[in-house]
Amino acid sequence: MNERKNIRVGITQGDINGIGYEIIFKTFDNPEMFEICTPVIYGSPKAAAYHRKALEMETPYNAIEHAGEMQHGKLNIINCNSDELHIELGSSTPEAGAAAYEALEAAIKDYNEGKIDVLVTCPIDKSTIQCKEFNFPGHTEYLQERCGGESKSLMVLCSGDLRVAVATSHMALRDIPAAITPELLEEKLTLLNDCLKVNFNIDAPKIAVLSLNPHAGDNGLLGNEEQEVIIPTIRKMNDGGIFCYGPFAVDGFMGSGKYTCFDAILAMYHDQGLAPLKAIAMNEGVNFTAGLPIIRTSPAHGVAFDIAGKGIADESSFRQAIYTAIDIYRNRNMYEQARRNPLRKLYFEKRDDSNRLNLQQADNEE
């Protein structure tokens with residue numbers, strides 16, 4: 001990745017009947033945003049015009065045919081949908097789901113071709129976007145399939161120094177206990193540790209691991225997952241050089257403020273991690289898909305059909321999603337540059353090269 005003054009930020013429109021365009025327009029109504037990025041929306045100029053009129057906003061945008069035409073200092077938009085697109089504010093419709101998918105596919109294509117640097121996705125309606133090509137619980141699983149290759153994804157919600165990852169993401173509660181295995185936790189802790197180093201520039205991360213059961217299982221009284229799975233895995237990961245601690249019961253851990261002592265938290269399931277984070281930082285929270293080559297963030301809220309078109313949506317989370325994507329892009333650059341030309345080894349470890357070292361010493365004496 002090459003450093004640029006203005007990072008090219010691809011933005012998918014999300015569900016056209018939700019608040020996607022409202023939070024986009026409110027964010028880029030501030031001209032200072034163009035000093036740090038060049039945005040390009042993958043969506044529909046017709047939908048954009050409809051929302052702008054309904055919201056009585058005057059945020060200008062530049063309609064283009066492809067990413068190569070994007071202009072710095074302007075809010076660019078590429079048409080990915082039919083001109084006959086029908087918009088029903090606040091409604092869940094199959095047509096809106098199809099439009100969201102078309103925009104997402106176009107953005108992924110351009111990302112894979114190097115035409116944008118990062119991706120910020122507006123909220124989708126997970127029920128209406130389902131189709132033959134998109135048969136996933138959400139963006140995270142879709143992006144792993146389309147952009148991951150051999151890599152595995154990890155959902156990380158963050159706000160400032162508070163970062164929460166989930167061992168299981170979009171999964172029914174009844175299926176979670178069986179899914180919490182040593183192999184899964186090892187994978188997620190490794191991904192989270194690498195994520196903190198590469199994307200957040202934390203050299204020796206400290207990770208808190210939450211329990212699955214109330215009161216961390218009460219020594220087996222309320223469940224044995226802690227004793228049989230979580231605790232042995234934590235010990236193994238520490239032996240391998242990943243600093244993780246716990247398991248902590250989530251109520252006391254969050255309520256007492258202990259979370260401030262750690263660089264990240266691994267929750268066992270979706271709501272266990274996301275509920276406290278959103279209670280603390282709903283308007284500033286960002287969803288980051290870690291573990292993949294692509295840099296993708298999104299606001300931590302949904303489509304908000306109930307307030308669509310009313311002009312009262314808060315754009316703070318979306319703005320933070322853009323800031324976070326840019327920060328991660330720069331952090332990855334710094335991480336790669338720092339390791340691009342490592343110094344050659346100037347010493348020998350006795351356990352591996354003692355004979356070679358002795359021979360060198362003998363040669364020097366001669």
Side-chain angles (χ1 to χ4, degrees), residues 137-138 140 153-193 195-196 200 202 205-238 242-291 298-302 317 320 324:
T140 303
S153 64
L154 177 69
M155 180 188 293
V156 180
L157 276 288
C158 49
S159 177
D161 292 333
L162 176 58
R163 307 173 189 91
V164 180
V166 290
T168 60
S169 54
H170 299 114
M171 180 179 291
L173 282 173
R174 64 177 176 270
D175 299 327
I176 291 171
I180 302 297
T181 63
E183 294 77 17
L184 177 75
L185 295 184
E186 289 175 25
E187 174 188 293
K188 299 300 182 181
L189 285 167
T190 301
L191 285 170
L192 182 54
N193 186 68
C195 164
L196 294 168
F200 295 98
I202 301 172
K206 294 189 299 181
I207 301 171
V209 181
L210 299 183
S211 64
L212 175 64
N213 297 298
H215 306 299
D218 265 346
N219 292 318
L221 181 65
L222 302 178
N224 57 14
E225 285 83 4
E226 286 73 21
Q227 300 294 323
E228 296 182 0
V229 178
I230 301 175
I231 293 175
T233 302
I234 289 174
R235 289 173 178 163
K236 180 179 179 180
M237 300 308 288
N238 273 283
I242 293 179
F243 306 121
C244 48
Y245 308 85
F248 298 101
V250 64
D251 54 351
F253 181 78
M254 301 301 296
S256 66
K258 286 183 179 178
Y259 65 89
T260 60
C261 301
F262 297 89
D263 298 302
I265 301 164
L266 181 67
M268 292 299 105
Y269 56 94
H270 185 280
D271 286 11
Q272 184 190 54
L274 272 60
L277 182 137
K278 290 187 178 183
I280 293 170
M282 178 66 180
N283 291 335
E284 301 293 327
V286 174
N287 185 347
F288 167 49
T289 303
S298 72
H301 56 71
S317 182
Q320 286 298 326
T324 300

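Counting begins at 1 with the first residue of the sequence.
Checked against a 6.0 Å centroid threshold, the rings of Tyr245 and Phe253 do not count as neighbours.
Counting only heavy atoms from C-beta outward, the side chains of Ile234 and Pro247 approach each other to under 4.5 Å. For the pair Ile176/Leu173, a side-chain contact is recorded, criterion being any heavy-atom separation below 4.5 Å from C-beta on. For the pair Ile230/Leu185, a side-chain contact is recorded, criterion being any heavy-atom separation below 4.5 Å from C-beta on. Using a 4.5 Å heavy-atom threshold, the side chains of Thr233 and Pro182 count as touching. Taking the side chain as every heavy atom from C-beta outward, Ser211 and Met268 never approach each other to under 4.5 Å. Side chains of Thr289 and Leu154 form no contact here, defined as non-hydrogen atoms less than 4.5 Å apart. Using a 4.5 Å heavy-atom threshold, the side chains of Leu212 and Val229 count as separate. You'll find the side chain of Thr260 stays beyond 4.5 Å of the side chain of Asp161, heavy atoms only.
Atoms CG and NE2, on Leu222 and His215 in that order, are 6.5 Å from each other to the nearest 0.5 Å. Taken to the nearest 0.5 Å, the CG atom of Asn283 stands 8.5 Å off from the NE2 atom of His301.
Evaluation of the side-chain hydrogen bond (donor to acceptor under 3.5 Å, both in side chains) rule for Thr324 yields no partner, not counting sequence neighbours. Checked against salt bridge (Lys or Arg N to Asp or Glu O under 4.0 Å), Asp271 has no partners two or more places apart in sequence or in another chain. Glu186 pairs by the salt bridge (Lys or Arg N to Asp or Glu O under 4.0 Å) definition with Lys236, not counting sequence neighbours.
Gly285 approaches Ser159 most closely through the heavy-atom pair CA-CB, 4.3 Å. In terms of heavy atoms, Ala249 sits closest to Ala216 at CB-N, 3.9 Å. Closest of all the heavy-atom pairs between Gly291 and Leu191 is CA-CD2, 4.2 Å. In this structure, Leu157 and Ala300 approach most closely via the heavy-atom pair CD1-CB, 3.9 Å.
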Hey, mind stepping through Val286 and Ser298 against side chain to side chain contact (heavy atoms under 4.5 Å, CB included) and telling me if it holds? CA-CA 6 Å; Val286 174; Ser298 72; over 6 Å; no
Give the C-alpha distance, both sets of side-chain angles, the deciding distance and a yes or no for side chain to side chain contact (heavy atoms under 4.5 Å, CB included) between Glu226 and Asn213. CA-CA 8 Å; Glu226 286 73 21; Asn213 297 298; 2.8 Å; yes
Let me see the working for Leu162 and Val164 under side chain to side chain contact (heavy atoms under 4.5 Å, CB included), right down to the final yes or no. CA-CA 7 Å; Leu162 176 58; Val164 180; 4.2 Å; yes
List the steps and the verdict of side chain to side chain contact (heavy atoms under 4.5 Å, CB included) for Ile265 and Arg163. CA-CA 6 Å; Ile265 301 164; Arg163 307 173 189 91; over 6 Å; no
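A donor-acceptor pair under 3.5 Å links the side-chain atoms of Asn238 to the main chain of Cys244, judged by distance alone. Not one N or O on the side chain of Lys188 forms a donor-acceptor pair closer than 3.5 Å with the backbone of Leu266. Judged by distance alone, the side chain of Thr181 and the main-chain N or O of Leu184 form a donor-acceptor pair under 3.5 Å.
Heavy atoms of other residues, nucleotides or ligands lying less than 6.0 angstrom from NZ of Lys206 number 12 at most.
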